Amino acid sequence: MNIKETLKSLCTPPGVAGCETAASKAAQNLLLEYMPNAQVDSFGTVTGSINYDEKLPLLLLDAHIDEIGMVVNYIDGNGFLKVSGAGGIDRRALSAQTVTIWGKTPVKGVICALPPHVQTQKDAAQTIKEDQIAIDCGFTKEEVEKVVSLGDSITIDAELTELQNDRITARALDDRAGVCSILYALDLLKKSIEPPKLQYNLAVTFSSQEELGCRGARIAAYNINPDLAVAVDVSYGDYHGCKENKTGKIGGGVMLGTAPSLDRELFENMKKTATEKNIPYQIEVMSSETGTNADVISLSRKGVKCALLSIPLRNMHTPAEMLQISDIKATGQLIAEFIGAPLMAISPPINAG
């Protein structure tokens with residue numbers, strides 16, 4: 001599997017939260033190679049499964065397919081589009097960006113930027129506010145209304161670009177990188193392990209609307225009803241000026257999460273597997289919930305043992321998200337090795353008394 005080509009296939013189609021159709025279809029097509037029953041549910045989540053043995057526990061692998069973006073909320077008298085954010089978009093990175101509005105046909109536009117020559121000192125010191133964002137498509141109001149409707153989604157134009165030292169930048173790496181790592185794990189399993197040797201039945205979800213409150217994963221986990229789960233997302237990569245204990249090292253391997261809301265036993269099993277198989281990893285400590293799909297999956301039905309694996313990412317929620325390919329590989333390798341490792345016992349409930 002060529003990870004860069006897979007990422008390009010995943011990151012190119014639009015998939016703003018709530019409008020994931022194109023991105024979900026691309027992910028479904030890639031998953032079909034490993035799970036012929038892969039489909040897109042009514043909520044936009046890609047699902048697939050393989051049942052090896054009815055006696056085996058069911059392991060869910062999840063990563064979200066949606067991305068941050070914007071939606072059209074008004075068209076003014078001059079044909080400029082006013083917008084609202086879909087997900088926590090970083091407004092500092094918006095001025096003068098070219099965008100695509102996904103209307104009746106794709107429409108190109110540019111986010112207006114006030115020239116520095118006419119900015120006041122106050123203008124220069126402030127981040128653009130949401131109600132100040134205006135998109136110029138080069139159309140009059142009458143022309144733009146023929147192809148653009150209120151509620152249409154908007155993505156920033158930022159194609160995947162290769163940098164030095166096996167690093168790449170693109171929009172939507174949050175969390176198409178997680179999707180890619182699961183596909184990589186399935187590819188490793190397909191090539192190296194015969195189905196009878198696997199320790200779990202498998203279900204995969206590339207879930208919708210994570211950026212709107214983990215909505216797709218909540219529904220999918222309820223329907224699938226797994227015994228345990230591994231959520232894969234991105235987390236904060238090291239930045240200039242940031243404290244080392246607040247970020248993961250780019251190129252340092254998979255970030256293995258530990259938190260009160262995550263299952264400690266599953267964490268220790270993941271850690272043991274990474275150590276024994278010489279897979280580079282780093283520990284990410286969270287003091288409460290994780291802010292990822294792991295939070296809602298773990299609360300589904302009777303409760304689900306849940307682990308969180310993250311890929312360190314710089315420039316999160318901007319059109320220039322950046323990561324290192326080796327961290328995706330480490331994440332996929334850990335998933336694959338864990339699935340083939342000796343069976344993790346599912347601890348029974350502790351009875352009070």
Side-chain angles (χ1 to χ4, degrees), residues 1 3 6 10 24 27-28 30-41 45-52 56-66 174-193 195 198-208 210 214 216-234 254-257 262-263 266-267 269-270 273-274 279 281 290 292-298 300 304-311 327-341 343-344 346:
M1 173 180 156
I3 288 181
T6 300
L10 289 167
S24 294
Q28 178 197 14
L30 292 167
L31 184 59
L32 282 169
E33 181 178 345
Y34 311 104
M35 295 182 168
N37 62 359
Q39 59 183 326
V40 181
D41 70 14
T45 294
V46 182
T47 65
S49 62
I50 301 176
N51 294 313
Y52 298 108
L56 294 177
L58 176 59
L59 170 64
L60 170 63
L61 305 175
D62 172 82
H64 70 88
I65 193 64
D66 61 313
D174 177 9
D175 184 32
R176 312 281 166 83
V179 172
C180 185
S181 71
I182 292 175
L183 291 169
Y184 182 62
L186 296 176
D187 194 67
L188 292 175
L189 291 170
K190 182 178 180 180
K191 293 176 179 177
S192 63
I193 301 177
L198 296 181
Q199 302 299 318
Y200 302 95
N201 293 318
L202 296 180
V204 167
T205 54
F206 300 144
S207 49
S208 62
E210 189 270 352
C214 305
R218 187 189 303 271
I219 294 168
Y222 183 89
N223 289 333
I224 292 168
N225 194 22
D227 296 295
L228 64 167
V230 178
V232 186
D233 211 321
V234 296
V254 56
M255 298 172 71
L256 180 52
L262 297 170
D263 184 74
L266 187 48
F267 165 81
N269 274 267
M270 284 280 186
T273 301
I279 298 170
Y281 73 93
T290 69
T292 71
N293 281 340
D295 297 335
V296 298
I297 293 171
S298 64
S300 183
V304 180
K305 288 178 174 288
C306 200
L308 174 64
L309 303 180
S310 298
I311 300 162
D327 295 329
I328 293 179
K329 289 183 177 179
T331 305
Q333 289 169 349
L334 179 54
I335 294 170
E337 292 291 355
F338 177 77
I339 292 171
L343 183 66
M344 174 185 166
I346 307 298

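This one's a predicted model, so the numbers in the text were calculated from it and none came from an experiment.
Nearest heavy-atom pair, Ser207 versus Gly216, reported as atom, atom and distance to 0.1 Å: CB-C, 4.0 Å. Nearest heavy atom pair, residue Ala217 against residue Asp62, reads CB-OD1, 4.3 Å. Nearest heavy atoms, Thr205 versus Ala220: CG2-CB, 3.8 Å. The two residues Leu266 and Ala229 have their closest heavy-atom pair at CD2-O, 3.6 Å. Heavy atoms only, all atoms of each residue included: Ile3 and Tyr184 are closest at CD1-CD1, 4.0 Å. Minimum interatomic distance between Ala294 and Leu262 (heavy atoms only, all atoms of both residues): CB-CD2, 3.8 Å.
For the pair Asp227 (side chain) and Leu58 (backbone), a donor-acceptor distance under 3.5 Å is present. Side chain of Gln28 to main chain of Ala38: a donor-acceptor pair is present (N/O by atom type, distance under 3.5 Å, no hydrogens or angles).
Taken to the nearest 0.5 Å, the CG atom of Leu308 stands 5.0 Å off from the OG1 atom of Thr290. How far CG of Asp66 is from CG of Asp175: 8.5 Å, rounded to the nearest 0.5 Å. For the atom pair SG (Cys180) and CG (Asp187), the distance works out to 10.0 Å, reported to the nearest 0.5 Å. Taking NZ from Lys190 and CE from Met35, the interatomic distance works out to 12.0 Å, rounded to the nearest 0.5 Å. Between Leu189 atom CG and Glu337 atom CD the span is 8.5 Å, to the nearest 0.5 Å. The distance from atom CG of Leu60 to atom CD1 of Ile224, rounded to the nearest 0.5 Å, is 5.0 Å.
Looking at heavy atoms from C-beta onward, Ile65 lies in side-chain contact with Arg176 at the 4.5 angstrom threshold. For the pair Leu186 and Val204, the minimum side-chain heavy-atom distance is below 4.5 Å. In this structure, Tyr52 and Leu202 have side chains that are in contact, with non-hydrogen atoms separated by less than 4.5 Å. Side-chain contact check for Ser298 versus Asp263: every heavy-atom pair is 4.5 Å or farther apart. A 4.5 Å side-chain heavy-atom check between Leu30 and Val179 finds every atom pair outside the cut-off. Counting heavy atoms from C-beta on, the side chains of Phe206 and Leu31 come closer than 4.5 Å. In this structure, the side chains of Ile335 and Leu188 stay at 4.5 Å or more apart for every pair of heavy atoms. At least one side-chain heavy atom of Glu210 sits less than 4.5 Å from a side-chain heavy atom of Asp233.
Asn201 and Ser49 share no side-chain donor-acceptor pair at under 3.5 Å. With 3.5 Å as the limit, one finds no donor-acceptor pair spanning the side chains of Thr47 and Asp41.
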Walk me through whether Leu56 and Tyr200 qualify under side chain to side chain contact (heavy atoms under 4.5 Å, CB included). CA-CA 5 Å; Leu56 294 177; Tyr200 302 95; 5.6 Å; no
Going through the checks in order, is the side chain to side chain donor-acceptor pair (under 3.5 Å) test met by Ser208 and Thr45? CA-CA 5 Å; Ser208 62; Thr45 294; 3.2 Å; yes
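Each of Leu309, Val232, Val230 was checked for a side chain to side chain contact (heavy atoms under 4.5 Å, CB included) with Leu61, and the lone residue meeting it is Val230. A side chain to side chain contact (heavy atoms under 4.5 Å, CB included) with Cys214 is found for one member of Asp295, Thr292, Asn293 and no other, namely Asn293.
By the side chain to side chain donor-acceptor pair (under 3.5 Å) test, Thr6 pairs with no residue at all, sequence neighbours left out.
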